[in-house]
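Position 1 is the first residue of the sequence; numbering continues from there. When reading the values below, keep in mind they use all heavy atoms of this one structure, side chains included, and skip hydrogens, waters and symmetry mates. It should be emphasised that the depicted structure is a prediction, and the values quoted were computed from it without experimental measurement.
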Amino acid sequence: MTPTIALLLIITFLLSTVGLLLLIWSIATNQFSHGAKAARTIFSEGEEGHGEDPAQNIAMPIQGKDDARQEALTNRLAADHSSRPAVLAWVASAMVWLVIGSVYGLTSSIKMHFPEFLADSQWLTFGRIRPMHLNAVAYGWASMAGIGVALFLMPRLFKTPLAGGRFAVAGAFIWNLGMLLGLVAINLGLSDGEEWLEFPWQVDLLFVAGGALCAIPLLKTAANRTVDHLYVSSWYLMAALVWFPFLFFIANVPGLFPGASGATVNWWFAHNVLGLWVTPIGIGIAYYMIPKILGRPIISYQLSLLGFWSLALFYSQVGIHHLIGGPIPTWLVTLSIVHSVMMSVPVITVAINHHGTMWGHFGRLKDSPTLRFVWIGALMYTVSSLQGSMEALRSVNVITHFTHYTVGHAHLGMYAFLSFILFGAIYFIMPRLTDWEWPWRRMISLHFWLVAVGILIYVVSLSVGGWLQGVALLDAETPFLDIVKMTLPYLEARSLGGALMTLGHLVFVVHFVAMLMRKGKASNNPTLFRATTGETSQ
């Protein structure tokens, strides 16, 4: 056993042990006994039974005594407005990186089937453009938007104004500086050469500083909370903000994991970014947004806690299944496969809560942009996670490994799951930060259909083409060039899907800017997918 693998096992063992001990603590302190009462902590008095969609007129949904209702509305408005500078700094930055990352991604996709495209420039080679796409969307769009939404939700979950928001604004500036320098470094060929870890370690220090500054207001707000019980969304969001810096620091220590052993740490980090950073953010947001839009609590609060602790317990070792057949011990890969299969436990518990809460209320998907984006994202979490558990099995992995299938699977999780939830969350929070409704319903609808059709084409084409590619690669008599030619139509379909998604992002960003500029007209009604009774056409 190499020192690298020993250290990795110690780290993952400690993570799992902490998760297990906290699970035991939560049982011993009756955290699971809160039940329906705890599930209602996100609602103000008289609010349950009345969904909250983006709208200026927020007084109507809350029923009850005038004094209690007014106090609840005043406190919620104060909590929302307290986070405005910090949330806008992170979310607006995320919008910029979404467009930049989308352009890089579409360019690299076209190069897969049209290698002559922009081939005369060293700055635009596939080896530079593709990691620039990955880092722009992972650390620029997804991470910054996720942190921005967390900064908005924490004051609501703790029912107190955000404290120290100026630290988060400064953190956004430093994070953006890190993004800019990191992408320039990759474009100059100064990459560390490991997937998800391309930024030079000197640039990584800026992300550490920016993230640390962002953690200050979250900790101060948690200390000032006025709620006794922390709703499950708080658990997920705070855990993500604790897990990610730990993972990021370990994986980026320069020179600590050389050679083949570095691949083990590379995929330990890369997959844990998805499971212990991306996943908690997405699930935590969905656990808040779905009940809020419907005006009803989740169906089983106990299951939500079980899902959280089982995620903490099982995910830390999942990523090694990407190295099946690699220069690492077979037992380590087997351990990873077992963890991957056991991940079905938190996935199923989350699915029961998200989709069970929606049961009987799917009609709201016709109206609410937030609910449609968030629920589809939650559905894709279920699909992509179960797919990932099956893909970890050796009998399946032998076909899908090193094929376009894994790229489709990654986008099903990173985009169809997380990005859709972030889209829905931004549609929810922006009216509350700006006191202005989204100007044009048709742009929301256009955004949805462009990205939904785009990711469908993208995932289906790569899944089918990747599977056929994997089967052909197992036939030693099939010339490799023939396999490459066979995948070209699927790669062209991938570019078509990517073009639709990029166009959808441009529509989204234009609408976002128009809202900041207060285009359209003031409205006391939410901007929905379709006009409802008493609502004027937009």
Query raised in the report: Yes or no on ring pair (Phe, Tyr, Trp, His ring centres under 6.0 Å) for F362 and W375, after CA distance, side-chain angles and deciding distance?
Result: CA-CA 10 Å; F362 288 102; W375 179 75; 5.4 Å; yes
Query raised in the report: So E194 and N252, side-chain contact (heavy atoms from CB on, under 4.5 Å) or not? Walk me through it.
Result: CA-CA 10 Å; E194 294 182 309; N252 281 287; over 6 Å; no
Report task. For the pair I281 and Y236, evaluate side-chain contact (heavy atoms from CB on, under 4.5 Å) and give the outcome as yes or no after the intermediate values. Result -> CA-CA 6 Å; I281 287 177; Y236 276 107; over 6 Å; no
Report task. Test Y231 against T41 for side-chain contact (heavy atoms from CB on, under 4.5 Å), laying out the working first. Result -> CA-CA 7 Å; Y231 182 67; T41 57; 3.6 Å; yes
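For the pair R372 and F448, the cation sits on the ring face: its NZ or CZ lies under 6.0 Å from the ring centre, inside 45° of the axis. A cation-pi contact links R432 to F428, judged by a cut-off of 6.0 Å to the six-membered ring centre and 45° from its axis.
You'll find the side chain of S304 stays beyond 4.5 Å of the side chain of T349, heavy atoms only. Residues L433 and H81 form no side-chain contact, since every pair of their non-hydrogen atoms from C-beta on lies 4.5 Å or further apart. The shortest distance between side-chain heavy atoms of D367 and P526 does not fall below 4.5 Å. The closest side-chain heavy-atom distance from H354 to L379 is not below 4.5 Å. Looking at heavy atoms from C-beta onward, H404 lies in side-chain contact with M112 at the 4.5 angstrom threshold. Under the 4.5 Å side-chain criterion, counting only non-hydrogen atoms from C-beta, L181 is not in contact with Q202. Considering only heavy atoms from C-beta on, I444 stays 4.5 Å or farther from F508 through its side chain. When side chains are defined from C-beta on, P280 counts as touching L311, because their heavy atoms get closer than 4.5 Å.
Scanning all heavy atoms of the two residues, the minimum distance from V87 to F152 falls at CG2-N, 3.6 Å. When all heavy atoms of R225 and L230 are compared, the pair lying nearest together is CD-CD2, 3.6 Å. Annotation for P131 and N135: closest pair O-ND2, 2.7 Å, computed over non-hydrogen atoms. Between H511 and P439, the shortest heavy-atom contact is NE2-CD, 3.1 Å. Heavy atoms only, all atoms of each residue included: A163 and K220 are closest at CB-CB, 3.9 Å. The two atoms that bring A514 and W440 nearest to each other are CB-CZ3, 3.5 Å, heavy atoms only.
A side-chain donor-acceptor contact under 3.5 Å links S143 and W277. Donor-acceptor pairing under 3.5 Å is recorded for the side chains of Y315 and H271. Between the side chains of Y287 and N353, at least one donor N or O lies within less than 3.5 Å of an accepting N or O. Under the 3.5 Å distance criterion, with hydrogens and angles disregarded, no donor-acceptor pair is assigned to the side chains of T107 and H133. Side chains of R130 and Y104: no donor on one and acceptor on the other come within 3.5 Å. Side-chain atoms of S109 and S495 include a donor-acceptor pair closer than 3.5 Å. Under 3.5 Å, the side chains of H447 and Y427 contain a donor-acceptor pair of N or O atoms. In the model, Q387 has a side-chain atom that pairs as donor or acceptor with a side-chain atom of H409 under 3.5 Å.
For CZ of F249, the number of neighbouring non-hydrogen atoms (other residues, nucleotides, ligands) closer than 6.0 Å is 12 at most.
Between R128 and E198 there is no salt bridge, since none of the side-chain N atoms of the basic residue sits less than 4.0 Å from a carboxylate O of the acidic one.
To the nearest 0.5 Å, atom CD of residue E437 and atom CG of residue L528 are 8.0 Å apart.
Relative orientation of the W196 and Y139 rings is perpendicular, given thresholds of 30° and 60° on the angle between their planes. Using the six-membered ring where Trp is involved, F423 and F373 have ring planes that are perpendicular, over 60° apart on the 30 and 60° scheme. Using bins of under 30°, 30° to 60° and over 60° for the plane-to-plane angle, the ring pair F199/F207 lands in the parallel bin.
When each of Y415, W141, W97 is tested with H505 by the rule ring pair (Phe, Tyr, Trp, His ring centres under 6.0 Å), just one qualifies, namely Y415.
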